[in-house]
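The first residue in the sequence is number 1, and the count goes up from there.
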Amino acid sequence: MKLHNLLAIAALALAPAAQALTIDNTAGNLASSLGDAASTTTALIVNGEIDAADLQTICDEMPSLRMLDLSGAKVVAYSGDVLRTSNANADANTLPLFSLAGCKATSITLPSTLSTIDEGALASTSITSITIPASVTSIGLGAFSGSSLTSITLPATVKEIGSHAFAQCKNLATVTWNASVTEVPAATFDGCSALTTVTLPSTIAAIDSAAFKGCTALATLAVPASLKSVGDAAFQGSGLTAFNAADAKNLKSLGAWAFADCVSLTEVVVPDEVSTIGRGVFFEDPALAVFVIPSGVTEIPDLALTGDRALNPDQTWGQSVTTIGDYALKDWDTIKKFYLPGNLAAIGTGAMENWTSIEELYGPNVEPSATGEDVWAGVDQANVKLYVEADLVDAYKAADQWKEFNVQEVSGVNDIKADQKASGITAAFEGTNLEIASVGEPIAQVSVFDTAGRCWTVANPKAQTATMDASKWTLRVYIVTVTLTDGTTATFKLAR
């Protein structure tokens, strides 16, 4: 037999046997109770009292430990020598600061009387699942960060969760969230690339910064109606395919970079109550096809929609927008026609850079906007028709960065008659209202659609005239179908 094989056999014969131990402990005495068995013990059950010094022993002196059961133990207060966490004190009923961080145990059962899991207490542990006792009310900053958890349930007794609580848990796939909190704290699931399922409770009012950043497997998320804000980078780089917050009527803001780099995101629906969208909010979301800008939003900030070449502008732009920021619409290289907001006052540097397919541009209804540098860099402006109102043609032909276009007087939008018998029906925008009239039979129904065929509203006036409030309608072009009581119909394509 070869020498190295003999040496290996000898080493195994001399190695201490793995052990499972049950210890009735007095606080501070675990190290002495374990003695030489500390290095070989694979399973440990602790009853009685345990303190921060005992937990340090478990974490630092038990490299073979794989199962730790503290269900029969009570954590008592500690005051003594400075521990490796630089603390000399720890509260009772608290899993102390970083007390088990890095522990190799794959199974840990916590004390049933525990009230707090402190900062980093179980960070970078090898546990794949854990039951948080119903006695726990607080989970600290980074408490489970970097651990091997695959699932977690947050009980309703939890009233406080620190930031980064589960950040970088690369195997975490399922979260059952019953915690009685009003926010998903900053970076709670940052980098949880396996996360597929999380159900937020009806108490959630805020999804804070980077809460789901880098959650590449998270395709769907039911948005609670209680939501009021989405923080900076909240879903940046996530796998979301849609975000529907239509029922969240108190939602006011979407933070900077909130949905940036979401390459699978196709649809975002938010209520009209949203008044602020942040810088880079949808930066480089190439699949985003549906996003209607709320009527209260007046500024499209820098880089907000850069690279979002799948967007249909007829579904996107409202008349409330007065400012388009730097590079906000850069690289929309498939767009052929675009209606600029009617009251546009300022366009930032490179805002429409690389619109290489643009053929027709419909200008604002006001004097030429102030512009940054190279707004239309990469655009063959001489071959792009810029349509403006007759009284604005000369102003646009003389204005820098506008005069390079083929400036023409806008000719208006022709009605499209679906039924020639409907010649007595008229429809037109008058200020903020849509006015419809019939000189013949009464109007039975009016239906308003966008150019993608989605129905915006339906009215049943049963009268010769109908007035519809369009003040919050966010599009430039609509399809209006009017049906009379005798079945006669007319369809109009109207531009505001």
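- For the pair Ser180 (side chain) and Ala156 (backbone), a donor-acceptor distance under 3.5 Å is present.
- Judged purely by atom type and a 3.5 angstrom limit, Asp302 uses its side chain to pair as donor or acceptor with the backbone of Asp326.
- Under the 3.5 Å distance criterion, the side-chain polar atoms of Glu359 are left unmatched by any main-chain donor or acceptor of Lys336.
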**OP:** Could you walk me through whether Val446 and Thr481 pass side-chain contact (heavy atoms from CB on, under 4.5 Å), step by step?
**Re:** CA-CA 6 Å; Val446 179; Thr481 298; over 6 Å; no
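- Aromatic ring orientation, Trp376 versus Trp402: perpendicular (interplanar angle above 60°, classes split at 30° and 60°).
- Across Asn354, Thr306, Thr356, a single residue satisfies side chain to side chain donor-acceptor pair (under 3.5 Å) together with Asp331, and that is Asn354.
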**OP:** Test side chain to side chain donor-acceptor pair (under 3.5 Å) on Gln168 and Ser145 and set out the steps.
**Re:** CA-CA 6 Å; Gln168 304 303 320; Ser145 61; over 6 Å; no
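- Panel note: side chain Thr266, backbone Leu288; no donor-acceptor pair is recorded below 3.5 Å.
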**OP:** Determine, stepwise, if the pair Ile436 / Ile443 fulfils side-chain contact (heavy atoms from CB on, under 4.5 Å).
**Re:** CA-CA 9 Å; Ile436 302 110; Ile443 301 167; 3.7 Å; yes
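- Between the side chain of Thr432 and the main chain of Ser471, no donor-acceptor pair closer than 3.5 Å is present.
- For Tyr478 and Phe449, the gap between ring centers reaches or exceeds 6.0 Å.
- A donor-acceptor pair under 3.5 Å is formed between the side chain of Ser226 and the backbone N or O of Ile204.
- A donor-acceptor contact shorter than 3.5 Å is absent between the side chain of Ser275 and the backbone of Val297.
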Subject >> Test side-chain contact (heavy atoms from CB on, under 4.5 Å) applied to Thr489 and Val482, step by step >> reply: CA-CA 5 Å; Thr489 63; Val482 182; over 6 Å; no
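- Inspection of the Thr467 and Glu435 side chains reveals an N or O donor paired with an N or O acceptor under 3.5 Å.
- For Trp332 (side chain) and Leu311 (main-chain N/O), no donor-acceptor pair under 3.5 Å exists by modelled atom type.
- Checked against the 6.0 Å centroid threshold, Phe405 and Tyr396 do not count as a close aromatic pair.
- Annotation: Phe338 is not in aromatic contact with Tyr362 [ring centroid separation under 6.0 Å not met].
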Subject >> Stepwise salt bridge (charged side-chain N to carboxylate O under 4.0 Å, His left out) check, Asp333 with Arg309 >> reply: CA-CA 6 Å; Asp333 53 15; Arg309 53 182 53 84; 2.9 Å; yes
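- Around CG of Asn433, the count of heavy atoms belonging to other residues, nucleotides or ligands within 6.0 Å exceeds 12.
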**OP:** Dump the intermediate steps for side-chain contact (heavy atoms from CB on, under 4.5 Å) on Thr176 and Leu154, then the final yes or no.
**Re:** CA-CA 6 Å; Thr176 302; Leu154 303 176; over 6 Å; no
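- Between the side chain of Thr137 and the backbone N or O of Val158, no donor-acceptor pair lies under 3.5 Å.
- Aromatic ring pairs are classed by plane angle as parallel below 30°, tilted from 30° to 60° and perpendicular above 60°; the pair Phe235 and Phe212 is parallel.
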